[in-house]
Amino acid sequence: MEKQTIVIIGGGITGLTAAYYLQKAIREKKLPYDVKLVEASNRLGGKIQTYKQDGFTIERGPDSIIARKKPGVKLVEELGLKDEMVRNGTGQSYILVEGKLHKMPKGAFMGIPKQIGPFLRSGLVSPIGKMRALLDLTKAKGEEKSDQSLGAFMRRRFGNELVENEIEPLLSGIYSGDIDKMSLMATFPNFYQLEQKYGSLIKGLKQTMPKASQTTGKVPGAFFSFPNGLETIVDKLVENIDQESILLNAAVDHVEKKESGYHVLLSDGNVLKASSLIVTTPHKTIPKLFSQYDFMKVFTEVPSTSVANVAMAFDRSAIKQDIDGTGFVVSRNSDYRITACTWTHKKWPATTPDGKALIRCYVGKPNDQEVVDLTDDEITSIVLNDLNKTMNITAEPDFSVITRWHNAMPQYTVGHLERIATIRKEAQHQIPGVFLTGSSFEGVGIPDCIEQGEKAVVDVLSFLQD
Ligand code: FAD
């Protein structure tokens with residue numbers, strides 16, 4: 001009997017995870033399926049890209065994986081990488097508000113206070129702002145049953161000041177988005193659930209967040225990476241996937257439905273026959289792949305934002321006035337173009353040779369997208385100028401590595417989940433066996449992408465075995 005082929009489009013973390021779990025299931029259950037993973041570029045890993053220079057380990061894209069979300073750790077264990085996991089250094093972090101660095105109050109989660117004492121002592125919010133924020137403890141639950149913006153939800157619970165000075169810089173940073181447009185249910189549904197269950201986010205977080213270790217009194221770093229950088233997970237996945245199933249430098253141009261299955265048209269002129277497909281590319285490419293289906297056009301209207309990641313290597317002696325911490329995020333009411341800055345040498349000491357410093361900043365607020373297209377020199381100069389408002393860096397960097405991520409951050413705006421559900425329903429009806437997944441769908445974080453890759457495998461197998 002001829003084997004059926006499952007084509008995975010895109011070799012980022014979602015596609016690689018899908019290929020890994022699919023081939024594992026095929027081996028273990030002796031299933032009559034072949035897998036082809038098609039990647040447009042000349043490398044695998046998508047946004048996960050580790051770059052090495054002069055003893056530095058530089059992440060051009062994501063720098064770590066949150067440990068709290070199970071699918072990431074589960075995959076790491078599957079791949080035998082558990083002993084290589086390195087947790088982040090947990091120093092003081094800051095928020096820059098109206099040009100001044102403020103310590104992140106102890107016990108805050110995503111800017112939401114869990115401990116009242118440190119919150120009251122913090123200079124981040126005025127006394128009136130604090131009183132307003134603490135109304136969260138007694139304020140009635142929201143009555144919204146459908147989606148709402150993350151900003152509206154947080155503003156209702158805590159008032160504008162805490163949101164703008166503390167919550168917004170942290171939450172919107174993750175998505176490079178605008179908190180007042182982002183969907184609560186697609187980004188932080190747990191906040192909604194905590195409100196509904198405990199009547200207050202402060203109370204809910206207090207009840208549900210991990211406590212400091214009894215023996216050390218320390219909460220372990222919430223994120224992990226590997227001594228050789230995040231690409232370790234990509235390399236290990238690739239090692240565990242059949243090499244013959246991987247096609248590099250082959251963009252999928254179009255997918256055509258046939259009487260039985262699909263034809264997948266590649267940029268090099270080849271055609272793959274598929275019984276089922278897992279599509280993991282950024283959403284903007286999907287309308288082109290399925291141009292004959294009007295319902296896919298919705299993706300052209302789903303926004304994505306751009307950012308640039310600026311890594312700068314220095315001699316430690318160049319930093320005359322340092323801060324005692326691991327980094328800061330910038331509130332939107334500050335006159336800065338950087339949005340966040342990490343002292344990578346403190347947060348991830350293994351990335352930096354002794355005596356050196358590695359500082360990583362982001363530029364590209366939703367209302368400052370043009371900065372991403374400036375020249376390297378212009379971006380470096382903007383970043384140094386901003387840094388020197390609070391630090392004293394006397395020398396040019398030994399080198400900088402600037403990575404521009406155009407339209408790389410999918411925006412989950414209000415109604416995202418309903419939109420996705422409608423598209424999936426249409427796809428199930430019109431192109432059965434095609435599964436759309438990845439960072440444009442149910443979570444941008446690496447563990448979310450891993451979970452989606454794993455779930456797509458279950459979907460494909462149940463479709464083919466039906
Ligand atoms: P991608 O990585 O985008 O992979 C999609 C792949 O599809 C690409 O390789 C692309 O070349 C390929 N492709 C596109 N079109 C075609 C085509 N027509 N045919 C074939 N192949 C095609 N997450 C975290 O958890 N932690 C972080 O610290 C973090 N920081 C981030 C920092 C930045 C700058 C960015 C941009 C993202 C960050 N994220 C972070 C998010 C996370 O990195 C991404 O959401 C995740 O890596 C996306 O994986 P993916 O496989 O869904 O998509």
Side-chain angles (χ1 to χ4, degrees), residues 66-68 88 90-142 148-175 177 179-180 182 184 187-213 217-223 323-334 339-340 342 347:
I66 193 158
R68 183 169 49 84
N88 61 291
T90 53
Q92 177 68 52
S93 55
Y94 293 80
I95 305 190
L96 205 138
V97 178
E98 287 168 3
K100 212 172 149 234
L101 278 177
H102 295 265
K103 287 185 176 176
M104 188 81 72
K106 268 212 178 82
F109 176 74
M110 299 283 188
I112 300 167
K114 274 187 304 165
Q115 295 170 18
I116 307 299
F119 172 63
L120 291 177
R121 286 191 293 277
S122 140
L124 261 166
V125 180
S126 71
I128 290 178
K130 286 175 187 165
M131 274 164 60
R132 171 61 187 88
L134 292 178
L135 282 183
D136 168 72
L137 291 164
T138 50
K139 211 170 172 41
K141 296 180 211 175
Q148 57 191 301
S149 84
L150 181 60
F153 173 80
M154 289 296 179
R155 288 175 198 280
R156 181 167 53 72
R157 294 245 46 104
F158 297 109
N160 289 337
E161 202 183 331
L162 181 71
V163 169
E164 278 157 28
N165 290 2
E166 204 172 322
I167 295 177
E168 191 271 349
L170 289 156
L171 296 191
S172 57
I174 298 172
Y175 289 85
I179 193 174
D180 292 310
M182 283 158 62
L184 172 67
T187 57
F188 295 96
N190 54 321
F191 288 147
Y192 174 75
Q193 283 139 17
L194 288 177
E195 183 202 41
Q196 294 300 308
K197 183 160 178 201
Y198 298 93
S200 143
L201 260 65
I202 298 177
K203 287 183 193 162
L205 285 173
K206 243 184 147 139
Q207 295 281 330
T208 54
M209 289 301 289
K211 308 262 179 309
S213 146
K218 272 189 155 181
V219 179
F223 301 92
I323 63 159
D324 175 24
T326 53
F328 62 83
V329 290
V330 182
S331 73
R332 300 276 147 98
N333 52 25
S334 294
T339 55
T342 305
K347 196 169 171 196

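Along the sequence shown, residues are numbered consecutively beginning with 1.
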For F191, ring-ring contact (aromatic ring centres under 6.0 Å, His included) partners two or more places apart: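 By the ring-ring contact (aromatic ring centres under 6.0 Å, His included) rule, F191 matches F188.
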Point-to-point distance, once rounded to the nearest 0.5 Å, from [atom1] of [X] to [atom2] of [Y]:
{"X": "I167", "Y": "F158", "atom1": "CD1", "atom2": "CZ", "result": "5.0 Å"}
{"X": "I174", "Y": "T187", "atom1": "CD1", "atom2": "OG1", "result": "9.0 Å"}
{"X": "K203", "Y": "L205", "atom1": "NZ", "atom2": "CG", "result": "13.0 Å"}
{"X": "L201", "Y": "L194", "atom1": "CG", "atom2": "CG", "result": "5.5 Å"}
{"X": "E166", "Y": "M154", "atom1": "CD", "atom2": "CE", "result": "11.5 Å"}
{"X": "L137", "Y": "I116", "atom1": "CG", "atom2": "CD1", "result": "5.0 Å"}

Determine the minimum heavy-atom distance between [X] and [Y], stating which atoms define it.
{"X": "G159", "Y": "V163", "value": "O-CG2, 3.2 Å"}
{"X": "Y192", "Y": "L184", "value": "CB-CD2, 3.8 Å"}
{"X": "S172", "Y": "M182", "value": "CA-SD, 4.2 Å"}

Would you list the atom pairs, donor with acceptor, under 3.5 Å between side chains in residues 91-113 and any protein atom, with sequence neighbours excluded?
residue: Q92; atom: NE2; partner: M104; partner atom: O; Å: 3.2
residue: Y94; atom: OH; partner: D324; partner atom: O; Å: 3.3

Sorted by chain and residue number, the side-chain hydrogen bond (donor to acceptor under 3.5 Å, both in side chains) partners of T326 (sequence neighbours excluded) come out as none
Sorted by chain and number, sequence neighbours left out, side-chain hydrogen bond (donor to acceptor under 3.5 Å, both in side chains) with S331 holds for N333, S334
Short side-chain to backbone donor-acceptor contact, K141 and E195, under 3.5 Å: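 The answer is no, because no donor-acceptor pair under 3.5 Å joins these two groups.
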**Report entry** Main-chain N/O of S149 paired with D180 side-chain donor or acceptor, under 3.5 Å
**Finding:** no
Checking A340 now: which residues fulfil side-chain contact (heavy atoms from CB on, under 4.5 Å) with it, not counting sequence neighbours?
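Expected list: V329.
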Is the Lys NZ or Arg CZ of K206 less than 6.0 Å from the centre of Y198's six-membered ring, within 45° of the axis?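 Checked: cation-pi criterion not met.
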List the atom pairs, donor and acceptor, that lie under 3.5 Å between side-chain atoms in residues 118-134 and the rest of the protein, sequence neighbours left out.
residue: S122; atom: OG; partner: L124; partner atom: N; Å: 3.0
residue: S126; atom: OG; partner: G129; partner atom: N; Å: 3.1
residue: S126; atom: OG; partner: E161; partner atom: OE1; Å: 2.8
residue: S126; atom: OG; partner: E161; partner atom: OE2; Å: 3.2
residue: K130; atom: NZ; partner: L120; partner atom: O; Å: 2.6
residue: K130; atom: NZ; partner: S122; partner atom: O; Å: 2.6
residue: R132; atom: NH1; partner: R157; partner atom: O; Å: 3.2
residue: R132; atom: NH2; partner: R155; partner atom: O; Å: 3.2
residue: R132; atom: NH2; partner: R156; partner atom: O; Å: 2.6

